[in-house]
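First up is the structure itself, then whatever we jot down about it.
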Amino acid sequence: AETIGDEMQTSSGAAESVTAPAPRPDADQLRFPYLIESVRLTSGDGRDVEEIATGDDIVLSMKYRALTGSPPERISFVFNLYRHDGFYVCGTTTLMDGMSPHPGTASGQVTVRFPSFPLLSGRYKWRVAINDHGGFSVLAEAKDVCMFSVTDNFNAVGIVDLRREWRVEPVAVSEAT
């Protein structure tokens, strides 16, 4: 899990609470009307994870808040998944998944559940973002967050374990030619 606001990551990787207020946005963040305060990757039962096995259920969540008293009227949300070396694995938006733009609230939380996560062994990282109602303008983003690794049982090789159904039938020699 990575926290950008009210918690800090210790050198052991454990999150510890901090009583100080959330940090002021830096100059780069001020160009955005929203701030992504925290991003977490958890197991299906809510435990923070840094390592999963192929087929585990995982949940990616982000908390955000508006940096202005007048946030945009409608917004959409984004996730992108990258391999550790920057190879782009997958990405989508709430709009691409058929959802209408969401109200531009002062704060909120977005979660994406991935049942039976199909990635194979490797290290991966996320990008999450808030976009405008049409999905064209970035209103906030957090890059290279929630680095995690996947272990597998060597049922397949590559990046993803595709669902499959095999069918093997004997063919008579006269039919084979």
Side-chain angles (χ1 to χ4, degrees), residues 1-18 22-23 26 28-29 32 34-65 75-99 102 107-131 135 138-169:
E2 303 224 0
T3 305
I4 303 164
D6 296 327
E7 293 183 339
M8 291 177 43
Q9 199 92 17
T10 65
S11 59
S12 68
E16 64 180 32
S17 294
V18 176
D26 63 26
D28 189 47
Q29 293 167 329
F32 296 128
Y34 281 100
L35 173 68
I36 296 173
E37 293 186 301
S38 66
V39 181
R40 291 181 66 202
L41 183 64
T42 59
S43 61
D45 62 5
R47 291 175 292 110
D48 287 342
V49 293
E50 292 180 4
E51 182 176 291
I52 65 166
T54 301
D56 284 354
D57 294 345
I58 60 171
V59 177
L60 180 66
S61 61
M62 72 168 160
K63 289 184 180 178
Y64 66 91
R65 69 178 166 92
I75 57 178
S76 59
F77 300 96
V78 179
F79 82 80
N80 305 106
L81 177 63
Y82 296 88
R83 197 169 54 192
H84 73 289
D85 61 0
F87 180 82
Y88 190 43
V89 176
C90 179
T92 193
T93 71
T94 51
L95 299 174
M96 293 170 77
D97 277 343
M99 301 172 84
H102 297 272
S107 64
Q109 179 171 318
V110 177
T111 59
V112 186
R113 182 176 177 271
F114 300 93
S116 300
F117 201 64
L119 286 186
L120 294 171
S121 186
R123 300 244 337 123
Y124 301 91
K125 58 189 176 181
W126 300 93
R127 173 190 175 264
V128 294
I130 302 170
N131 282 359
V138 176
L139 305 179
E141 67 181 347
K143 297 178 182 176
D144 299 334
V145 294
C146 296
M147 179 76 85
F148 68 105
S149 35
V150 177
T151 59
D152 63 49
N153 57 9
F154 205 64
N155 282 342
V157 293
I159 294 177
V160 64
D161 189 5
L162 297 176
R163 292 182 70 178
R164 57 200 168 268
E165 295 178 10
W166 291 82
R167 181 175 159 175
V168 180
E169 299 176 358

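These values consider heavy atoms only, across backbone and side chains, with no hydrogens, waters or symmetry-generated copies.
Interatomic distance, CZ of Arg113 versus OG1 of Thr111, reported as 10.5 Å (0.5 Å rounding). Atom CZ of Arg123 sits about 8.0 Å away from atom CD of Glu50, to the nearest 0.5 Å. In this structure, CD in Gln109 is found 11.0 Å from CD in Glu37, a value given to the nearest 0.5 Å. Interatomic distance, Ile52 CD1 to Leu41 CG, rounded to the nearest 0.5 Å: 7.0 Å. How far OG1 of Thr93 is from CD1 of Ile130: 13.5 Å, rounded to the nearest 0.5 Å. If you take CG on Asp48 and SG on Cys146, they are separated by 8.5 Å, rounding to the nearest 0.5 Å.
Taking all atoms of both residues into account, the shortest heavy-atom contact from Val78 to Arg127 is CG1-NH1, 3.7 Å. Nearest heavy atom pair, residue Lys125 against residue Leu81, reads O-CD1, 3.4 Å. Heavy atoms only, all atoms of each residue included: Ala53 and Val150 are closest at C-CG1, 4.3 Å. Of all heavy-atom pairs between Val138 and Asn131, the closest is CA-OD1, 3.6 Å.
The closest donor-acceptor contact from the side chain of Thr92 to the backbone of Met96 lies at 3.5 Å or more, if one exists at all. At least one donor-acceptor pair closer than 3.5 Å links the side chain of Asp57 to the backbone N or O of Ser116.
Atom CZ of Phe154 has 12 or fewer heavy atoms from other residues, nucleotides or ligands within 6.0 Å. In the displayed structure, Lys63 atom NZ is contacted under 6.0 Å by at most 12 heavy atoms of other residues, nucleotides or ligands.
Among residues at least two apart or in separate chains, salt bridge (Lys or Arg N to Asp or Glu O under 4.0 Å) pairs with a member in residues 147-162 are Asp161-Arg164.
Remark: Phe114 pairs with Phe79, Phe117, Trp126 by the ring-ring contact (aromatic ring centres under 6.0 Å, His included) rule, at least two apart or across chains. Looking at residues two or more places apart in sequence or on another chain, you find a side chain to side chain contact (heavy atoms under 4.5 Å, CB included) between Ile159 and Arg83, Phe87, Val89, Leu119, Tyr124.
Using the six-membered ring where Trp is involved, Tyr64 and Tyr34 have ring planes that are perpendicular, over 60° apart on the 30 and 60° scheme.
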* Asked: Do Thr54 and Asn153 pass the side chain to side chain contact (heavy atoms under 4.5 Å, CB included) test, and can you show the C-alpha distance, the side-chain angles, and the key distance before you say yes or no?
  -> CA-CA 8 Å; Thr54 301; Asn153 57 9; 6.0 Å; no
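You'll find the side chain of Asn80 stays beyond 4.5 Å of the side chain of Lys143, heavy atoms only.
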